[in-house]
Amino acid sequence: MHLNWRRIDFEPEASAVFDELFASSTHGFWLDSSEKGGGRSRFSLMGDDRGPWAEWTTYRVGDGVVTTSGGAATRTGRSFFDHLGEQLARRSMPAPVGLPFDFNLGYVGYLGYELKAETGGSRVHRARTPDAVLLFVDRVVVIDHLESVTYLLCLGEDPDDPAAHAWLDHVGERLRRLGEAAEHTSGHASTGLPDTTGMHLRHSRAAYITKINECIEEIRDGESYEICLTNMAEVAVPPDPVRTYRRLRTLSPVPYGAFLRYPGLTVLSSSPERFLKVEAGGRVESRPIKGTRPRGSDEVSDGRLEEELRTSVKERAENLMIVDLLRNDLNRVCLTGSVTVPRIFEIESYSSVHHMVSTVTGRLRPGLTAVDCVRSAFPGGSMTGAPKLRTMEILDRVEGGPRGVYSGALGWFALSGAADLSIVIRTLVVTDSTAAFGIGGAITAMSDPEAEFEETMVKSRATMWAISASEEERGERRE
């Protein structure tokens, strides 16, 4: 196989490209760096399943069966991570010189939280959605928001493959026709509070506060230092996924947004958190988030909330515990002495919230891969607490249900050996019958249960704003 590629010297508007090329696809994806000017994002990737080598894969932990396109099912008898690593090794190829990114085609999709059963955790709850869904991508459009150019990548039999060149020509011409459409996103979320009347919580306010107190007792008994407790919210009527995602990316532009569509399942993510980036050369980076405040209604209140987060002893303690956990996870797969923390307790501001973010880096040991690195750190410590394995046991009992896609990882594994995955937070999962999203926070001995519950409501705002705005738009079109 050979990677054919082409550079087009202009940057079309991303949503217009998705509409033009992929919105109607059965399996489509859009890894969306919708945040503008924040310096945290650069590339948006999109594609679908219509290429000749495209193949989608689903997996459920309890069954141990990998199902691929056409319904073929294979009982692996081993970890899904082993299966994925084998497939990437079989198709491995270096990224060509001239591309400013490591994604030279590969797998795009998500790894759900219940895959923890294959990384040291227990298999307790069964999610309604598959525990992994990945699409093998043989064609992709990559928009470079920094250089304002676009790249087209297409797998072919050889450098002169006529089908590959026909696709490059066809897509290039369609993109040129789009021109440089005006950007439709705005820099800030709506003001005021979203309509939450249609939101049903797995655990009510009172029940969730009781569970927070249970977590505090576990911490005081020495069973954990920090427990990242999750609640699940469902909306009464599943919204239109495409319309809702457009609203979500407008209200909450982030570096790791995503729209994934599979039959009967659509994932809409506005995640600000990088789980792991593994470069083809072996450099590893993680950027855990712990610590959140809402944006203020004016410059003075906004600055006060930012400073409150920056100086919070509790938030710093939470963040530091996750940094230490990540250092331990990465030290299992990285060269001795290479794991460092170049930045700690930095404040990053988004449209609706301020976050405390740290950066942990390392370098993989020779012979280990991006899949090995992801397996070592999965699920992300910022979504479990510390120590990880004992804390996950507590969460299995206290939460009383699966997390599904939420708290897992979403992004890509490239044929070059690189990977880039976000933590699945601020994410709506839409099926034919439901729409749900997770919300939660880190519980420590210093937690105020009422304040912790209110923080989960703050985290739900962008998603509920997007759902409400999408429904209003649908109602206006009907009139």
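- Summarising the geometry of Ala370 relative to Ala419, their closest heavy-atom pair is CB-CB, 3.8 Å, with the distance given to 0.1 Å.
- Between the side chain of Arg60 and the main chain of Thr129, a donor-acceptor pair closer than 3.5 Å is present.
- The heavy-atom pair separating His354 from Pro294 by the smallest distance is CD2-O, 3.7 Å.
- In this structure, Pro100 and Arg42 have side chains that are in contact, with non-hydrogen atoms separated by less than 4.5 Å.
- Residue Pro263 comes nearest to Thr26 through the heavy atom pair CG-CG2, 3.7 Å, listed as atom of the first residue, atom of the second, then distance.
- In this structure a side-chain-to-backbone donor-acceptor pair under 3.5 Å is present from Thr244 to Asp240.
- Salt-bridge annotation for Glu86 and Arg90: absent, with no side-chain N of the basic residue lying under 4.0 Å from a carboxylate O of the acidic one.
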Could you walk me through whether Glu118 and Arg78 pass the side-chain contact (heavy atoms from CB on, under 4.5 Å) test, one step at a time?
-> CA-CA 9 Å; Glu118 298 188 351; Arg78 56 202 169 119; over 6 Å; no

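- Side-chain atoms of Phe275 and Val424, non-hydrogen and from C-beta on, never get closer than 4.5 Å to each other.
- Taking CZ from Arg246 and CZ from Phe18, the interatomic distance works out to 8.0 Å, rounded to the nearest 0.5 Å.
- Taking all atoms of both residues into account, the shortest heavy-atom contact from Pro130 to Leu265 is CD-CD2, 4.2 Å.
- Side-chain contact of His125 with Glu114: a donor-acceptor pair under 3.5 Å is absent, judged by distance alone.
- A donor-acceptor pair under 3.5 Å is absent between the side-chain atoms of Ser376 and the main chain of Asp372, judged by distance alone.
- Here the straight-line distance linking atom OG of Ser269 with atom OH of Tyr406 works out to 10.5 Å at 0.5 Å rounding.
- Using a 4.5 Å heavy-atom cutoff, the side chains of Met356 and Ile347 are in contact.
- Inspection of the Asp160 and His165 side chains reveals no N or O donor paired with an N or O acceptor under 3.5 Å.
- Between Arg343 and Glu348 there is no salt bridge, since no side-chain nitrogen of the basic residue lies less than 4.0 Å from a carboxylate oxygen of the acidic one.
- For the pair Asp48 and Arg261, the salt-bridge criterion is not met [side-chain N within less than 4.0 Å of a carboxylate O].
- Within the 3.5 Å criterion, the main-chain N or O of Gly121 finds no donor-acceptor partner in the side chain of Lys388.
- No side-chain heavy atom of Tyr256 sits under 4.5 Å from any side-chain heavy atom of Glu273.
- When all heavy atoms of Cys373 and Leu364 are compared, the pair lying nearest together is CB-CD2, 3.8 Å.
- Between the Ser79 side chain and the Phe81 main chain, a donor and an acceptor come within less than 3.5 Å of each other.
- Contact check for Trp167 versus Asn4: no side-chain heavy atoms found under the 4.5 Å cut-off.
- Shown here is Arg174, whose CZ atom has more than 12 heavy atoms of other residues, nucleotides or ligands within 6.0 Å.
- A side-chain donor from one of Ser25 and Arg50 sits under 3.5 Å from a side-chain acceptor of the other.
- Using a 4.0 Å cut-off between charged side-chain N and carboxylate O, Arg126 and Asp63 make a salt bridge.
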What's the verdict on side-chain contact (heavy atoms from CB on, under 4.5 Å) for Phe101 and Asp420, showing C-alpha distance, side-chain angles and the deciding distance?
-> CA-CA 11 Å; Phe101 45 84; Asp420 199 356; over 6 Å; no

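- When all heavy atoms of Tyr262 and Gly109 are compared, the pair lying nearest together is OH-CA, 3.5 Å.
- A donor-acceptor contact shorter than 3.5 Å links the side chain of Ser351 to the backbone of Leu251.
- Leu152 contributes atom CG, which lies 7.5 Å from atom CZ of Arg6 (distance to the nearest 0.5 angstrom).
- Within the 3.5 Å criterion, the main-chain N or O of Pro255 finds a donor-acceptor partner in the side chain of Ser33.
- In this structure, CZ on Arg247 lies 15.0 Å from OG on Ser270, to the nearest 0.5 angstrom.
- Residues Phe43 and Phe103 place their aromatic rings such that the two centres sit no closer than 6.0 Å.
- Looking at Tyr245 and Thr266, their side chains never come closer than 4.5 Å, going by heavy atoms from C-beta outward.
- No hydrogens or angles considered: a donor-acceptor pair under 3.5 Å links the side chains of Tyr107 and Arg91.
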Under the side-chain contact (heavy atoms from CB on, under 4.5 Å) criterion, do Trp30 and Phe22 qualify, and how do the steps go?
-> CA-CA 9 Å; Trp30 177 7; Phe22 308 115; over 6 Å; no

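- When atom types are taken as modelled, the side chain of Asp169 and the backbone of Ala166 share no donor-acceptor pair closer than 3.5 angstrom.
- Annotation: the span from Arg128 atom CZ to Thr434 atom OG1 amounts to 4.5 Å, rounded to 0.5 Å.
- The distance between the ring centers of Phe29 and Trp412 does not fall below 6.0 angstrom.
- Taking 4.5 Å as the limit, every side-chain heavy atom of Leu268 sits out of range of all side-chain heavy atoms of Thr463.
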Decide salt bridge (Lys or Arg N to Asp or Glu O under 4.0 Å) for Arg283 and Asp102; before the verdict, give the C-alpha distance in whole Å, the side-chain angles of both, and the deciding distance to 0.1 Å.
-> CA-CA 12 Å; Arg283 182 182 179 274; Asp102 283 334; over 6 Å; no

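- You'll find the side chain of Arg205 reaches within 4.5 Å of the side chain of Glu454, heavy atoms only.
- Open room surrounds NZ on Lys277; 12 or fewer heavy atoms of other groups in view lie less than 6.0 Å from it.
- Side-chain N or O atoms of Ser92 include none that pairs as donor or acceptor with a backbone N or O of Ala89 at under 3.5 Å.
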Passes side-chain contact (heavy atoms from CB on, under 4.5 Å), Asn104 versus Trp5? Steps please.
-> CA-CA 9 Å; Asn104 61 334; Trp5 64 279; over 6 Å; no

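- Listed for the Thr230 side chain is no donor-acceptor partner under 3.5 Å among the backbone atoms of Gly440.
- Interatomic distance, Ile289 CD1 to Ile425 CD1, rounded to the nearest 0.5 Å: 5.0 Å.
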Listing, residues 131-143 side-chain donor-acceptor contacts under 3.5 Å, not counting sequence neighbours, or none:
residue	atom	partner	partner atom	Å
Asp131	OD2	Val61	N	2.8
Asp138	OD2	Trp53	N	2.7
Asp138	OD2	Ala54	N	3.3

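- Between the side chains of Glu13 and Ser15, at least one donor N or O lies within less than 3.5 Å of an accepting N or O.
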